[in-house]
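Below is one structure; the comments refer to it alone.
All figures in this text were calculated on a predicted structure; none of them were measured in a lab. Both counts, for ligands and for their atoms, begin at 1 and track the order of listing.
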Amino acid sequence: MTPDALNRLVAQFARLPGIGEKTAQRLAFHVLRAPPEQARALAAALTEVVEKVRLCQRCFSLHDGDAETLCGFCSDARRDDRLVCVVEGIADELALERTREFRGRYHVLHGALSPLEGVGPEQLRIRELLLRLKDAPVEEVIVATNPDVEGEATALYLTRLLKPIGLRVTRLAMGLPMGGDLEFADQATLARAMAGRRDL
Ligand SMILES: [Zn+2]
């Protein structure tokens, strides 16, 4: 017989990725035992992230500016407009950024093609990519999707779309473990993969 409020909290924690029922319970008890300010700060951070963080309307990275303004990557005048690096997710973008090897722009697809899971081109930000490439001075698109089946399928699909427009399409060099995740590659490997990218 646990209080309903506690059950609701446990249920919410259990919905988070990688959190099972037991861990959810442990987290909920932790919240109860911790000073109330700590729980209020957690609640406030959750509300704030939902209300303030949005997707950039050009590259679909995260930012906390107005809906009309662009993110830091898009608005930074020192970055190279001729290069656009296409990634599956925000975590990949941040991993590449940490290497300091890339000073162009980004485009976040928010996923990869996966017919089995019902993810087609229309579920990704591919139409938006084509639109933004239309009147931008882009010369090269670096496809930095993950080196797994979905990532390779996405790279192939993008190549078929982009090459006919006359764009140079490149892929990160090997050295990244097949089936691996960009997000978890170490910085040196990622930097080498970016420097040694090959044409598709
Ligand atoms: Zn942006």
Side-chain angles (χ1 to χ4, degrees), residues 17 45-114 119-148 150-173 176 181-185 187 189-191 193-195 197 200:
L46 284 172
T47 309
E48 196 182 10
V49 87
V50 169
E51 282 169 3
K52 290 198 177 152
V53 178
R54 60 184 98 241
L55 295 179
C56 169
Q57 287 310 294
R58 183 178 291 164
C59 74
F60 301 94
S61 304
L62 299 177
H63 77 127
D64 57 3
D66 302 328
E68 304 79 41
T69 58
L70 297 172
C71 74
F73 294 125
C74 288
S75 53
D76 186 348
R78 290 163 303 179
R79 300 190 78 105
D80 192 344
D81 280 321
R82 293 168 301 178
L83 292 173
V84 172
C85 182
V86 178
V87 292
E88 289 181 26
I90 307 280
D92 304 322
E93 177 185 56
L94 299 179
L96 282 167
E97 197 54 23
R98 277 196 297 271
T99 68
R100 294 167 195 215
E101 191 69 30
F102 182 68
R103 296 300 295 162
R105 309 286 180 187
Y106 287 101
H107 190 87
V108 187
L109 294 175
H110 290 277
L113 291 177
S114 174
V119 183
E122 54 293 336
Q123 270 81 43
L124 306 174
R125 301 289 184 173
I126 290 178
R127 195 167 46 91
E128 290 87 344
L129 173 65
L130 293 176
L131 274 175
R132 87 179 255 206
L133 290 175
K134 248 185 189 171
D135 13 58
V138 179
E139 291 168 10
E140 178 184 347
V141 175
I142 302 159
V143 184
T145 49
N146 286 329
D148 55 18
E150 290 83 12
E152 293 297 337
T154 310
L156 189 66
Y157 182 85
L158 288 175
T159 307
R160 285 182 182 153
L161 280 180
L162 301 176
K163 276 201 128 175
I165 322 175
L167 287 166
R168 184 180 170 206
V169 184
T170 54
R171 183 102 174 95
L172 294 191
L176 291 171
D181 201 321
L182 226 67
E183 177 187 348
F184 302 116
Q187 281 188 35
T189 306
L190 258 187
M194 176 60 84
R197 61 190 185 268
L200 286 176

Show which side-chain atoms of residues 85-98 pair as donor or acceptor with protein atoms under 3.5 Å away, not counting sequence neighbours.
unit_1, atom_1, unit_2, atom_2, d
Glu88, OE1, Asn146, ND2, 3.2
Glu88, OE2, Asn146, N, 2.8
Asp92, OD1, Glu183, N, 3.3
Asp92, OD2, Gly89, N, 3.1
Glu93, OE1, Ser61, OG, 3.4
Glu93, OE2, Ser61, OG, 2.6
Glu97, OE1, Arg79, NH2, 3.1
Glu97, OE1, Tyr106, OH, 2.6
Glu97, OE2, Arg79, NH1, 3.0

Are Leu55 and Arg125 packed together at the side-chain level, in the sense that at least one heavy-atom pair is separated by less than 4.5 angstrom?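 Yes, their side chains come closer than 4.5 Å.
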Considering all heavy atoms, the nearest Asp66-Arg54 contact: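 Between these two residues, the closest heavy atoms are C-NE, 3.8 Å.
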Within the supplied structure, the quantity of interest is the number of heavy atoms (other residues, nucleotides, ligands) at a distance under 6.0 Å from Arg103 CZ; does it exceed 12?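 Yes, because the 6.0 Å sphere around CZ of Arg103 holds more than 12 heavy atoms from other groups.
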Without swapping roles, check the side chain of Arg105 against the backbone of Val84 for a donor-acceptor pair under 3.5 Å.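 No; judged by distance alone, with no hydrogens or angles, the pair does not exist.
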Please check if the side chain of Arg160 supplies one atom and the backbone of Tyr157 the other of a donor-acceptor pair under 3.5 Å.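 Not a single qualifying donor-acceptor pair exists.
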Protein N/O/S neighbour count - the Zn ion (ligand 1), strictly under 2.8 Å: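 Of the protein's nitrogen, oxygen and sulfur atoms, 4 lie under 2.8 Å from the Zn ion (ligand 1).
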